Structure formats: structure tokens, C-alpha cells
There are 2 protein chains.
Amino acid sequence: MELTERQQQIVNISIKLIADQGIQNLTIKNISKEAGFSEPAIYRHFDSKYAIIMAMLDSFQDISRFVLTETEKQGLDSISKIKKFLFDRYQRFSANPSAAKVMFAEGIFRDDPRYSQKMLDIMHQHASTMQNIIREGQFKGELRADISAREMFRIIFGSLRLLINQWGLADCNFDLKLEGELLWIAVKKMIT
Amino acid sequence: MELTERQQQIVNISIKLIADQGIQNLTIKNISKEAGFSEPAIYRHFDSKYAIIMAMLDSFQDISRFVLTETEKQGLDSISKIKKFLFDRYQRFSANPSAAKVMFAEGIFRDDPRYSQKMLDIMHQHASTMQNIIREGQFKGELRADISAREMFRIIFGSLRLLINQWGLADCNFDLKLEGELLWIAVKKMIT
DNA sequence: CAATAGTTAGTGAACGATAACTAATGTCAA
DNA sequence: TTGACATTAGTTATCGTTCACTAACTATTG
């Protein structure tokens with residue numbers, strides 16, 4: 001699913017449009033206006049609007065997969081792995097606020113079951129990788145074992161998501177990386 | 001902002017439509033089809049589509065306000081207050097899954113700044129009330145004091161939101177109240 | 001007879017998508 | 001080296017459909 005330069009441009013514009021003005025304003029017209037060429041030109045690069053959105057979701061999935069495997073393969077202790085994952089997210093979203101707003105708002109993609117399935121897949125990807133790391137940490141005694149991996153995942157990942165959503169709602173008017181560090185310090189205290 | 005029976009019906013249908021098919025399929029036509037009368041009849045009860053969505057968000061706000069004041073006024077210790085709030089949410093959303101999907105998906109309402117402002121207000125309502133309860137609990141020694149109220153709120157509320165979103169994504173195929181109780185047990189261990 | 005709540009018919013605008021055309025570039029045999 | 005042709009990526013004009021919404025009318029009720 002390699003995207004051409006133009007396709008990538010169209011996908012990036014789509015992310016920005018959704019983040020700034022909502023899914024309702026993701027129209028071929030608005031994309032073309034932003035891209036600087038005519039509406040039909042879009043169809044030289046994508047078969048349909050559906051294909052554009054699907055390419056967008058695929059790119060989200062690729063990023064997730066990359067970060068998760070990156071995180072897992074390094075020979076770190078479980079706490080460092082979790083920290084690395086969280087900080088990578090804060091880093092990445094600070095650099096690309098639009099992606100943050102769209103990626104963590106799966107309620108947007110409910111109009112087509114293929115979209116929601118993709119979002120579910122991504123969520124599942126996160127959940128299963130993180131829970132493996134958590135279980136490993138519990139086994140090694142690095143993490144407290146009186147809380148199931150599922151619950152611990154919900155606490156770690158849920159607080160991350162809320163923070164990022166608050167940041168998006170508040171128009172990015174605070175330092176996400178800083179607040180993320182503070183949150184991590186608090187979470188770390190709780191899970192060890 | 002008292003709603004007539006018909007207005008309430010239209011709002012409920014709208015919530016269901018968004019939950020089931022996404023905001024893109026919230027159209028006057030679909031509402032009227034679901035309601036069983038013609039499109040123009042909708043305009044006997046609301047001035048515009050905007051007014052319908054705003055009434056919906058207002059009803060969310062009313063519910064939130066009610067639950068939060070209910071929670072706060074009872075002379076309980078802070079932990080019981082938090083528990084009561086969480087369980088009320090699980091109870092309410094179990095009974096009304098559509099509302100859960102819509103209410104906790106603020107990414108849906110980004111196309112009009114008046115919508116996002118309302119969602120921000122609701123979030124703020126939750127945050128400030130809960131943080132007051134948390135601070136009170138920390139002062140009384142019921143909650144650990146080495147974590148700021150803001151972080152603790154993000155952990156408690158973020159994990160609740162994630163659980164509810166997972167439940168929505170998974171088509172309500174697990175027992176929300178049961179999972180909610182398990183999550184609460186885990187969270188309680190961490191915050192005391 | 002006035003108010004309420006419904007109807008049918010229809011508005012202009014915006015939607016996603018297509019047809020037909022064109023300019024620029026790449027390929028390759030004579 | 002060059003001319004014929006195909007490919008790529010853009011254009012304008014337009015399609016049928018759907019959108020939110022309105023005008024004009026009607027049946028029911030107090």
C-alpha cells in the first residue's frame with residue numbers, strides 16, 4: 001500500500017480537514033481547494049472518497065504497528081518499554097496535532113463498518129501488545145501483580161487518550177509533552 | 001430548555017442515528033423516516049438541524065450536571081462519591097448504549113465551534129467537580145496525596161472513557177457494568 | 001375560527017463522481 | 001536523432017443525487 005507523493009499529500013490534507021473542521025467538511029471540493037488543483041484531479045490518485053479515508057486509516061495503522069514493534073523489540077524492562085511507547089506518542093502528536101485529533105476520535109468513522117473495523121483493529125493492536133508488555137513486567141516483578149493486565153492497560157492507555165483529547169479540545173494550548181511526562185510520573189507510581 | 005415530547009423523540013432518534021451510522025447519516029430525511037412522519041414536520045419542532053444537535057448536547061449537559069450535583073451533595077466520603085459517579089455512568093450507559101457512543105465521542109462535533117465549545121464545557125464540568133472531590137479526599141487522607149488531582153482525574157476518568165469506547169466499538173458485546181466494577185476495583189487500589 | 005401539527009411539492013446549493021479534452025512527459029523503432 | 005504514439009496528470013463542463021429547508025395547503029382540536 002505504498003502511497004505516491006500526491007496520494008500522501010491528499011491524505012495529509014484530509015487529516016487536517018477532519019481535525020480542523022470535522023468529518024462533515026471532508027469533501028472532495030475542500031480537499032482539492034486545499035491541494036490547489038481541481039476536484040476531478042483527485043480521482044487521478046484515488047478511486048473514491050472511500051479510498052482516501054481508507055488510505056488514511058491504513059497510514060494510522062502503519063504508524064501504530066511501527067511504534068509498537070519498535071517498542072517491543074528493544075531489550076528494555078517493561079516500565080521503560082511503556083514509557084518509551086507513551087513518550088513516542090506525545091512526541092509524534094506534538095509534531096502533528098491534526099493526526100492526534102483524528103486518530104483518537106474513532107467515533108468519527110462510524111458511517112462505514114469498514115472504517116470502524118479498521119479502528120477496532122488498531123485499538124486491538126495497541127491493547128494486545130501493551131498487555132503482553134504488562135504481563136511480562138508483572139512476571140518479572142517490575143509491575144504490581146494485583147491488577148490484571150487488561151485493567152492496567154485501560155488505566156495507562158485511557159489516561160493517555162484523555163490527555164490527548166483534552167489537548168485537542170483545548171486547541172493545543174498546553175505543552176503536551178510536559179503534561180504527558182507529569183501524567184507518566186503519576187501512572188508509574190501507581191503501577192509499580 | 002424544556003423539550004416537548006416530540007422534540008425529545010427527535011433528539012433520541014438523532015442520538016441513535018449518530019451512534020449506529022455516524023454523524024454523516026444524521027440527516028433530516030433519516031430522522032423523519034425513523035420518526036414516521038415527513039421531513040417538513042421536523043421543522044414544526046425545531047428551527048433547524050443545528051437546533052436539534054444543540055438540544056442533544058444540552059441534554060447531555062443536563063444529565064452530566066444532574067449526576068455530578070447528585071454525587072456531590074450526598075455526605076459520602078470521597079471514594080464513595082467517585083464510585084457512585086462511575087457506577088451511575090455505567091448504569092446509565094448500559095441502559096442507553098447509543099448515548100454512550102455519542103457522548104464520549106466529542107470528535108464528532110468538530111464541524112461547528114458552538115458544538116465543540118459545548119463539549120468542552122461538559123468535559124470541564126466533569127473535570128472540575130471530580131477534582132474537587134479528589135482534593136477533598138486527599139485532604140482527609142482517604143486518597144493518596146502524592147499525585148495531583150489533575151493527574152488522578154485523568155487516570156480515573158480516562159480509563160472510564162476508554163472502557164466505554166471499547167464497549168461501543170465492540171458493539172456492546174460485553175457486560176459494561178461488570179467490567180466497570182472490575183476496573184473500579186483496580187483503580188481504587190491505585191488511588192488509595 | 002385560531003392554533004397546532006401534519007401533508008405534498010419543490011427550492012437552490014452542495015455532494016461524489018464522470019465525460020471529454022489537453023498539455024507535458026516518456027518510450028522506442030526508423 | 002527524430003517522429004509516432006502511449007501514459008500521466010491536469011482541465012472544464014456536467015451528471016444524477018442528496019442535502020437542509022420552505023411554501024402552500026389540510027386535518028384535528030379547543
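Worth knowing before you read on, the calculation uses all heavy atoms, side chains too, and leaves out hydrogens, waters and symmetry mates. Just so it is clear, the structure is predicted and the values come from calculations on it, not from any experiment. Chain identifiers are assigned alphabetically (A, B, ...) following the order of the sequence lines, protein sequences preceding nucleic acid strands; residue numbering begins at 1 within each chain.
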So that I can tick it off, tell me whether [Y] and [X] are bridged by a salt bridge, with the cut-off set at under 4.0 angstrom between side-chain N and carboxylate O.
{"X": "E34(A)", "Y": "K29(A)", "result": "no"}
{"X": "D146(B)", "Y": "R144(B)", "result": "yes"}
{"X": "R154(B)", "Y": "E179(A)", "result": "yes"}

In whole angstrom, what separates [X]'s [atom1] from [N]'s [atom2]?
{"X": "I42(B)", "N": "dC19(D)", "atom1": "CD1", "atom2": "P", "result": "13 Å"}
{"X": "E39(B)", "N": "dA24(D)", "atom1": "CD", "atom2": "C1'", "result": "17 Å"}
{"X": "Q24(B)", "N": "dG16(C)", "atom1": "CD", "atom2": "C1'", "result": "12 Å"}
{"X": "R44(B)", "N": "dT4(C)", "atom1": "CZ", "atom2": "P", "result": "10 Å"}
{"X": "D111(B)", "N": "dA14(C)", "atom1": "CG", "atom2": "P", "result": "16 Å"}
{"X": "F46(B)", "N": "dT22(D)", "atom1": "CZ", "atom2": "P", "result": "15 Å"}
{"X": "Q7(B)", "N": "dT4(C)", "atom1": "CD", "atom2": "C1'", "result": "13 Å"}
{"X": "K49(A)", "N": "dT17(D)", "atom1": "NZ", "atom2": "P", "result": "19 Å"}

Toward the 5' end of DNA chain C, by each residue's nearest nucleotide, G36(B) or T27(A): G36(B)

S38(B) vs Y50(A), nearer the 5' end of DNA chain C by closest nucleotide: S38(B)

Proximity to the side chain of P40(A) - top-ranked nucleotide from dT12(D), dC15(C), dG16(C): dT12(D)

Which nucleotide in dC21(D), dT7(C), dT11(D) has an atom nearest any side-chain atom of S48(B): dC21(D)

Sugar-phosphate, base or nothing in reach of L26(B), heavy atoms under 4.0 Å: sugar-phosphate

Touch class at under 4.0 angstrom, heavy-atom based, for F37(B) against every strand present: sugar-phosphate

OP1 or OP2 of dT4(C) under 4.0 Å from side-chain N/O of H45(B): no

dG10(D) OP1/OP2 closer than 4.0 Å to side-chain N/O of R6(A): yes

Within 6.0 angstrom of D47(A) CG, more than 12 heavy atoms from elsewhere: no

Heavy-atom donor-acceptor pair, T129(A) side chain to H126(A) backbone, under 3.5 Å: no

